[in-house]
Amino acid sequence: MPELPEVETMVRGIRPALLGRTIVRASLSHIDVLRGVTRPRLLRILTGATIHDVTRRAKHGVIHLERYRFVLQPGMTGNLLIYDRALAAAESKYAVLRAQLDSGVEFVFRDVRRIGTLLLLDERGWARYDAGLGPEPLDPGLTVEAFAERLRHSRAAIKKVLMDQRRLVGIGNIYANEALFRAGIDPSKPAHRVSAEAWPRLFQHTQRLLRAAIDSEGTTFRDYRTGTGQPGSFQLELMVYERQGEPCRRCGTRLAGTHDIDGRITVFCHRCQG
DNA sequence: ACGAGGTCCTGCGAGC
DNA sequence: TGCTCGCAGGACCTCG
C-alpha cells in the first residue's frame with residue numbers, strides 16, 4: 001500500500017531513467033484508471049513528449065512534461081517501474097500503462113487491483129489539485145505549530161485525521177498505526193482532545209518514522225516494489241501493523257486490533273497508548 | 001463545513 | 001476439489 005515512503009522510493013528509483021528522455025511509444029491496457037482524460041488524448045500527449053522532471057506529491061508520482069503534469073496515484077497495489085529488459089508474461093499482465101523511452105528503457109505503471117488512477121493536468125488543473133492537498137510532513141518549512149493546527153480541530157479520531165490528505169499528506173493506514181504507537185497516543189482519541197504536549201511528540205515521531213521508512217525503501221507485504229523492482233524492508237521494523245494479537249515490542253502486552261476507526265484495521269497497545 | 005459511509009477493483013485465504 | 005465470501009484500502013463521491 002504505497003504511502004509517502006513507498007512513493008518517494010519509487011520516484012527516486014525511476015527518476016534517473018526518465019529524466020530528459022522522450023517517450024517514443026505508449027499504450028494503456030485499461031481505461032478505468034483514467035480520470036478526466038481519454039485514452040486517445042493521453043496517448044497522443046505522451047507520445048513524443050519529453051520528461052522534464054519526476055517528483056512526488058503526497059502519495060502520488062508526478063511526471064513533468066512540457067505543458068502537462070502526468071499524475072500517477074498508485075492507490076493500493078500500483079507500482080512505478082523501470083525495465084531495461086523485456087517484461088515477463090506475469091509482469092505485462094498487470095502493466096496498465098507502458099511507455100517506451102528513446103533510451104530503450106521501458107516505464108511501466110503496474111497495478112493489480114487498479115484502484116490506482118492516472119490524471120493528466122494542465123497548469124490550472126495542477127494548481128487546483130495541489131491546493132486540495134495538505135502540507136508535506138517532511139517539508140523543512142513545516143513547523144510543529146502548523147502541524148498541530150491542521151489536525152487538532154477535528155472531533156474525528158486522531159488516526160482518521162492523520163490520514164486525511166486535505167489536512168496532511170502521505171500518511172496511510174500503516175504509518176498512521178505506527179506513528180500513533182511511537183508517539184504513545186490512543187488512535188481512537190478525538191483529535192481535539194489530544195493533549196498539547198502530545199502534538200510535538202506526534203510530529204517528531206511521524207517525521208522520524210517516515211524518514212526511517214524511506215531509508216528502508218518502504219514496507220513490502222505483497223505488491224509494493226521499488227522503482228527497480230526490489231522489495232522494501234521496513235516491514236521488519238513495524239511495531240504494530242499486522243501484529244494484532246502479538247506481544248507489544250515495548251511492554252509485552254497483547255496488541256489489540258479493531259475495525260472501529262474508519263473501517264480500517266487499527267492495531268495498538270492498550271498499555272503504551274493510553 | 002464537516003463527518004460518516006459507500007464505491008471502485010482483483011487476488012487471496014478462510015470456510016463449507 | 002471447487003465454490004462463495006469477506007477483506008485489503010486510497011481517493012472520491014454522496015448524504016445528512
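Remember, predicted model here, so these are calculated numbers, not experimental data.
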_Separation of dA1(B) C1' from Arg167(A) CZ (nearest whole Å)_ = 10 Å
_Flag for Glu217(A)-Thr9(A): side-chain donor and acceptor within less than 3.5 Å_ = no
*Side-chain H-bond candidate by donor/acceptor type, Glu3(A) with Tyr224(A), under 3.5 Å*: no
*Fit a plane to each ring of His270(A) and Phe268(A), take the angle between them on a 0 to 90° scale, and name the class: parallel (under 30°), tilted (30 to 60°) or perpendicular (over 60°).*
perpendicular
*Between Phe221(A) and Tyr241(A), is the ring centre distance below 6.0 Å?*
yes
*Are there more than 12 heavy atoms of other residues, nucleotides or ligands under 6.0 Å from atom CG of Asp84(A)?*
no
*Basic-acidic side-chain contact under 4.0 Å: Asp53(A), Arg15(A)*: yes
*Rounded distance in Å - CG (Asp164(A)) to C1' (dG9(C))*: 15 Å
*asked:* Just the rounded figure in Å: distance from C1' of dA8(C) to CG of Asp223(A).
replied: 10 Å
*Over how many whole Å does the gap from Asp111(A) atom CG to dC9(B) atom P extend?*
11 Å
*Measure across Ala95(A) and Val108(A) and return the closest heavy-atom pair with its distance rounded to 0.1 Å.*
CB-CG1, 3.6 Å
*For Tyr175(A), report the nucleic acid contact type (base, sugar-phosphate, nothing); a contact means any heavy atom under 4.0 Å.*
nothing
*Side chains of Thr258(A) and Asp260(A): do they bring a donor and an acceptor to under 3.5 Å?*
yes
_Rounded to whole Å, how long is the line connecting atom NZ of Lys160(A) with atom P of dG6(B)?_
12 Å
*Would you indicate whether the side-chain heavy atoms of Phe70(A) and Leu42(A) approach each other to under 4.5 Å?*
yes
*Please determine if Arg182(A) and Glu178(A) form a salt bridge, counting it only when a charged side-chain N lies under 4.0 Å from a carboxylate O.*
yes
*If a protein heavy atom is under 4.0 Å from the base, mark B; if only from the sugar-phosphate, S; if neither, -; do that for nucleotides 10-16 of chain C going 5' to 3'.*
BBS----
*Angle of first-five versus last-five pair axes in the helix from dC2(B)-dG16(C) to dC16(B)-dG2(C), to 10 degrees*: 50°
*Under the criterion side chain to side chain contact (heavy atoms under 4.5 Å, CB included), which of His52(A), His64(A), Arg57(A) is the partner of Arg69(A)?*
His64(A)
*Just call it for Arg166(A): base, sugar-phosphate, or nothing, with non-hydrogen atoms closer than 4.0 Å on any strand.*
nothing
Considering only nitrogen or oxygen atoms on both sides, find all protein atoms under 3.5 Å from nucleotides 10-14 of chain B and state each distance.
unit_1, atom_1, unit_2, atom_2, d
dT10(B), OP1, Arg114(A), NH2, 2.9
dT10(B), O2, Arg113(A), NE, 3.3
dG11(B), OP1, Tyr94(A), OH, 2.5

*asked:* In whole Å, I'd like the distance from the CG atom of Leu151(A) to the P atom of dC2(B).
replied: 13 Å
*Report the distance from atom OH of Tyr224(A) to atom P of dG9(C), rounded to the nearest whole Å.*
17 Å
